[in-house]
Amino acid sequence: MDSRIAVIGLAAAAFFAVTACGTIEGKPSPNAGAGTQPSTSTGTTPAGAPAALDDADPCALVTAEDVERALGALDGEPRRNDLGTARSCEYEVDKRLLVVDIRTNVGLTGVNATGPVTDLTIGGHRVKAWVSQGGTCFVVLGVTESSRVDITAQPKTGTQECGPAQRLAELVEPKLP
């Protein structure tokens, strides 16, 4: 009985810590994740969007100028840094690392979150967002059943904020198929 109370207490504390410090804004999807899968048909492609993510350059999804207008001056040039199966572009703003990853081998169903997940919609794309125990914010945009774009924002010391990741996702989303 005591262990159940402790677990409930820890879960409640974690929930309040995430919602109080790590806000994730967006429009919640009704019954998100229930029933239907995202369509693999893209219909019309927005102007400037790649027809598919297979050959897309992550540094072209959002320009340095776009990042600076939305988040402030970059601490240096964007860096291409592919990790595993992800093609990545790294931006540093005010000593905070922001990363755009293109994944063409896994969709939203492959998300392996380390915290409570919030289902959202940004533009026409389903999104999963969460904050890790270390404070890193993840905003993952589903593109097809087997592709997605991950936006991560590592926290500055002592902070836990998802605003920069959310703004970056909003810049990237219109450029997605």
Side-chain angles (χ1 to χ4, degrees), residues 17-26 45-108 110-118 120-144 146-177:
V18 169
T19 58
C21 299
T23 58
I24 298 173
E25 298 175 9
T45 302
L53 290 179
D54 292 336
D55 298 318
D57 178 356
C59 292
L61 286 179
V62 61
T63 66
E65 293 80 19
D66 291 337
V67 174
E68 286 186 331
R69 273 194 300 275
L71 301 171
L74 292 172
D75 296 341
E77 292 297 314
R79 295 179 304 273
R80 180 72 188 261
N81 186 23
D82 298 350
L83 301 169
T85 59
R87 295 189 313 277
S88 303
C89 190
E90 298 177 347
Y91 303 88
E92 196 169 327
V93 177
D94 194 26
K95 305 213 182 319
R96 178 190 314 262
L97 181 64
L98 299 152
V99 182
V100 175
D101 290 327
I102 295 175
R103 298 182 183 276
T104 56
N105 63 337
V106 63
L108 283 180
V111 165
N112 187 11
T114 58
V117 175
T118 301
L120 309 167
T121 299
I122 296 178
H125 292 87
R126 289 182 41 218
V127 175
K128 292 196 177 287
W130 70 95
V131 179
S132 72
Q133 279 187 322
T136 299
C137 186
F138 295 85
V139 179
V140 179
L141 298 119
V143 178
T144 67
S146 61
S147 66
R148 68 186 203 214
V149 174
D150 299 0
I151 311 292
T152 57
Q154 294 185 354
K156 292 168 60 172
T157 304
T159 66
Q160 191 177 44
E161 178 192 339
C162 285
Q166 176 99 15
R167 285 193 294 280
L168 196 55
E170 290 166 353
L171 289 174
V172 167
E173 190 279 333
K175 297 179 182 176
L176 298 177

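The chain is numbered in sequence order, starting from 1. Keep in mind that what you see is a predicted model, and the values were worked out from it rather than measured. Scope of the values below: all heavy atoms of this structure, side chains included, with no hydrogens, waters or symmetry mates.
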Between [atom1] on residue [X] and [atom2] on residue [Y], distance to nearest 0.5 Å:
X: Leu97; Y: Thr152; atom1: CG; atom2: OG1; value: 6.5 Å
X: Thr85; Y: Asn105; atom1: OG1; atom2: CG; value: 4.0 Å
X: Thr136; Y: Arg96; atom1: OG1; atom2: CZ; value: 10.0 Å
X: Phe138; Y: Thr118; atom1: CZ; atom2: OG1; value: 13.5 Å
X: Leu120; Y: Lys128; atom1: CG; atom2: NZ; value: 9.5 Å

Evaluation steps, side chain to side chain contact (heavy atoms under 4.5 Å, CB included), between Glu173 and Leu141: CA-CA 8 Å; Glu173 190 279 333; Leu141 298 119; 3.9 Å; yes
Backbone of Ala56 reached by a side-chain donor or acceptor of Arg87 within 3.5 Å: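 Answer holds: yes.
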Is the backbone of Leu61 close enough, under 3.5 Å, to the side chain of Lys175 for a donor and an acceptor to pair up by distance?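 Between the backbone of Leu61 and the side chain of Lys175 there is a qualifying donor-acceptor contact (under 3.5 Å).
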Non-hydrogen atoms of [X] and [Y] that approach each other most closely:
X: Trp130; Y: Val117; result: CB-CA, 4.2 Å
X: Val93; Y: Leu71; result: CG1-O, 3.3 Å
X: Glu90; Y: Asn81; result: OE2-ND2, 2.9 Å
X: Leu53; Y: Pro177; result: CD2-CD, 4.1 Å
X: Pro155; Y: Gly134; result: CG-O, 3.6 Å
X: Val143; Y: His125; result: CA-CD2, 4.1 Å

Pairs meeting criterion disulfide bond (SG atoms under 2.5 Å apart) with involvement of residues 62-99, two or more places apart: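 Listed once each, the pairs are Cys59-Cys89.
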Leu176 and its side-chain contact (heavy atoms from CB on, under 4.5 Å) partner, picked from Ile122, Ile102, Thr144, Val149: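 Result for side-chain contact (heavy atoms from CB on, under 4.5 Å) with Leu176: Val149.
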Taking Ile151 as the fixed residue, which of Val140, Val172, Val99 is the one that meets the side-chain contact (heavy atoms from CB on, under 4.5 Å) rule?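 The residue from Val140, Val172, Val99 that satisfies side-chain contact (heavy atoms from CB on, under 4.5 Å) with Ile151 turns out to be Val172.
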With the side chain counted from C-beta on, respond yes when Arg148 and Val111 share a heavy-atom pair under 4.5 Å apart, and no when they do not.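 A side-chain contact under 4.5 Å exists here.
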Between Cys162 and Val131, is any pair of side-chain heavy atoms under 4.5 Å apart?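 A side-chain contact exists here, since the closest heavy-atom pair is under 4.5 Å.
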